[in-house]
Amino acid sequence: VIFRWWKISLRNECREARPGEIKESHEDFLDDSSLQIQIAIIFGAKVLEHVLNLCRGKFDFLERLPVSLLLYIISFLELEDIARLSQVSHRLKMICNSNALWEGIVENLCDTITPEMRELAQEMGWKQLFFTNRLQLQLQLRRRRQKCAEKEKLT
């Protein structure tokens, strides 16, 4: 673990201050509570927790994967598993509820998606479209058609 610092000041007495650096092994860092406190004060408790986990060998590779790869992996999960995965972290919750994921799910499970359904999905969200029953979807599509027809009559 390398901890570096420097002073930024307009005062003359601080202009010659050189950057400082502390290098410690993972084991030494885990025992150095004063350095841990400094990191928590400067960077916050979450950063300290992350560094401590790294020093303990606890890596979370899933959180570091690119969104496109996570979307691809998640697309193979069952719906219940997607719901559980969305509870793991804020990032995974956003991905599991994203339009990109649910658009793919709807396209894989539905026979036909009309342009009209696509427009409705863009308005209400693909996940909402997926969980809306067919009767409600038909009603919403009918209302959209009526609104479009009324707009055309006015113009």
Q) Does the side chain of Lys58 come within less than 4.5 Å of Leu54's, by heavy atoms? A)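 No. Closest side-chain heavy atoms not under 4.5 Å.
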
**Q.** Heavy-atom neighbours of Met124 CE exceed 12 at 6.0 Å
**A.**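 Yes, CE of Met124 has more than 12 neighbouring heavy atoms, counting only those of other groups under 6.0 Å.
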
Q: Spell out, yes or no, whether Leu71 and Met94 are grouped together once hydrophobic residues are joined by side-chain heavy atoms under 4.5 Å, including indirect joins.
A: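 The answer is no; the residues belong to distinct hydrophobic clusters.
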
Q.
Show me the pairs that pass ring pair (Phe, Tyr, Trp, His ring centres under 6.0 Å) and involve residues 132-155, at least two apart or across chains.
A.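 Every pair satisfying ring pair (Phe, Tyr, Trp, His ring centres under 6.0 Å) with a residue in residues 132-155: there are none.
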
Q | Under the salt bridge (Lys or Arg N to Asp or Glu O under 4.0 Å) test, residues paired with Glu21 that sit two or more places apart | A |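 In terms of salt bridge (Lys or Arg N to Asp or Glu O under 4.0 Å), with neighbours along the sequence ignored, Glu21 is linked to Arg4, Lys23.
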
(Q) Using side-chain heavy atoms (C-beta onward) and a distance below 4.5 Å, is Trp126 in contact with Ile105? (A)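 No; the side chains remain at least 4.5 Å from each other.
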
Q: Say whether, by atom type as modelled, one donor and one acceptor occur between the side chain of Asp28 and the main chain of Glu24 under 3.5 angstrom.
A: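 Checking the backbone N and O of Glu24 against the side chain of Asp28, no donor-acceptor pair under 3.5 Å is found.
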
Q) Restricting to pairs with a member in residues 67-81, which pass salt bridge (charged side-chain N to carboxylate O under 4.0 Å, His left out), not counting sequence neighbours? A)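 As it turns out, the salt bridge (charged side-chain N to carboxylate O under 4.0 Å, His left out) pairs with a partner in residues 67-81, which skip direct neighbours, are Asp81-Arg84.
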
Q) In chain order, what residues pass the side-chain hydrogen bond (donor to acceptor under 3.5 Å, both in side chains) check against Glu123, with sequence neighbours excluded? A)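 Scan of Glu123 (side-chain hydrogen bond (donor to acceptor under 3.5 Å, both in side chains), adjacent residues dropped) gives Arg144.
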
Q) What pairs of residues pass the ring pair (Phe, Tyr, Trp, His ring centres under 6.0 Å) test when at least one of them lies in residues 135-155, not counting sequence neighbours? A)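 Sorted pair list comes back empty.
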
Q: Mind listing the closest non-hydrogen atom pair of Leu70 and Leu65 along with its distance?
A: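 That would be CD1-O, 3.7 Å.
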
**Q.** Minimum heavy-atom distance Thr112-Met117, with the two atoms named
**A.**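 The pair with the smallest heavy-atom distance is O-SD, 4.0 Å.
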
Q) Can you find a heavy atom in the side chain of Ile82 that is under 4.5 Å from one in the side chain of Ile74? A)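 The answer is yes; the side chains approach within 4.5 Å.
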
Q: Mind checking side-chain hydrogen bond (donor to acceptor under 3.5 Å, both in side chains) for Gln122 and listing every partner two or more places apart, or none if nothing turns up?
A: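 Per chain and number, Gln122 pairs via side-chain hydrogen bond (donor to acceptor under 3.5 Å, both in side chains) with no residue.
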
**Q.** Where Asn99 and Gly125 come nearest, the two heavy atoms and their spacing
**A.**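 Shortest heavy-atom contact: OD1-CA, 3.5 Å.
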
Q: Verify, without hydrogens or angle tests, whether Gln140 (side chain) and Leu120 (backbone) share a donor-acceptor contact under 3.5 angstrom.
A: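 No, Gln140 side chain to Leu120 backbone: no donor-acceptor pair under 3.5 Å.
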
Q.
Can you list everything that forms a salt bridge (Lys or Arg N to Asp or Glu O under 4.0 Å) with Lys46? Sequence neighbours excluded, please.
A.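 With neighbours one apart ignored, the set is empty.
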
Q. Which atom pair, heavy atoms only, marks the closest approach of Arg91 to Pro66?
A.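 Smallest interatomic distance, heavy atoms only, reads NH2-C, 4.0 Å.
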
Q) Can you get from Leu79 to Leu77 by hopping between Ile, Leu, Val, Met, Phe, Trp and Tyr side chains that sit under 4.5 Å apart? A)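 They do share one cluster, since a chain of ILVMFWY contacts under 4.5 Å joins Leu79 to Leu77.
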
Q | side chain to side chain contact (heavy atoms under 4.5 Å, CB included) evaluation trace for Val67 with Tyr72 | A | CA-CA 9 Å; Val67 172; Tyr72 179 73; over 6 Å; no

Q: Dump the intermediate steps for side chain to side chain contact (heavy atoms under 4.5 Å, CB included) on Glu116 and Arg145, then the final yes or no.
A: CA-CA 9 Å; Glu116 193 176 36; Arg145 286 186 208 118; 2.8 Å; yes

Q: Please list, chain by chain and in numerical order, all residues satisfying side-chain hydrogen bond (donor to acceptor under 3.5 Å, both in side chains) with Gln146, sequence neighbours excluded.
A: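 Scan of Gln146 (side-chain hydrogen bond (donor to acceptor under 3.5 Å, both in side chains), adjacent residues dropped) gives none.
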
Q.
The criterion is side-chain hydrogen bond (donor to acceptor under 3.5 Å, both in side chains); which residues satisfy it with Glu103, sequence neighbours excluded?
A.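 With neighbours one apart ignored, the set is Arg118.
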
Q | Donor-acceptor contact present, side-chain Asn97 to main-chain Lys93, <3.5 Å | A |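 Confirmed, Asn97 side chain pairs with Lys93 backbone.
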
**Q.** Summary of ring pair (Phe, Tyr, Trp, His ring centres under 6.0 Å) pairs that have at least one residue in residues 32-60, sequence neighbours excluded
**A.**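 Found Phe59-Phe61.
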
Q.
Do Leu52 and Val47 land in one hydrophobic cluster if side-chain heavy atoms of ILVMFWY residues count as linked below 4.5 Å?
A.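 As far as the 4.5 Å side-chain criterion goes, Val47 and Leu52 are connected within one cluster.
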
Q. Given the rule that I, L, V, M, F, W and Y join up when any side-chain heavy atoms are under 4.5 Å apart, are Ile73 and Leu109 in one cluster?
A.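 In one cluster: yes.
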
Q) What are the two closest heavy atoms between Gln136 and Asn133, and how far apart are they? A)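 Result for this residue pair: N-OD1, 2.8 Å.
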
Q. Between OG of Ser33 and CD of Gln38, what distance do you get to the nearest 0.5 Å?
A.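 Going from OG on Ser33 over to CD on Gln38, the span is 10.0 Å.
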
Q. Who pairs with Trp102 by ring-ring contact (aromatic ring centres under 6.0 Å, His included), at least two apart in sequence or on another chain?
A.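 Checked Trp102 against ring-ring contact (aromatic ring centres under 6.0 Å, His included); matches are Phe130, Phe131.
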
Q) What closest approach, in Å, do Gln36 and Asp31 show between heavy atoms, and which atom pair accounts for it? A)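 Result for this residue pair: NE2-N, 4.3 Å.
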
**Q.** Validation row: Ile95, Leu101 side chains within 4.5 angstrom (heavy atoms)
**A.**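 Counting from C-beta outward, Ile95 and Leu101 never come under 4.5 Å.
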
Q: Under the salt bridge (Lys or Arg N to Asp or Glu O under 4.0 Å) rule, collect the residues that match up with Glu49, sequence neighbours excluded.
A: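 Result, salt bridge (Lys or Arg N to Asp or Glu O under 4.0 Å) vs Glu49: none returned.
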
(Q) If you apply the rule side chain to side chain contact (heavy atoms under 4.5 Å, CB included), what do you find for Glu27 with Leu30, and how did you get there? (A) CA-CA 5 Å; Glu27 294 80 19; Leu30 290 171; 5.6 Å; no

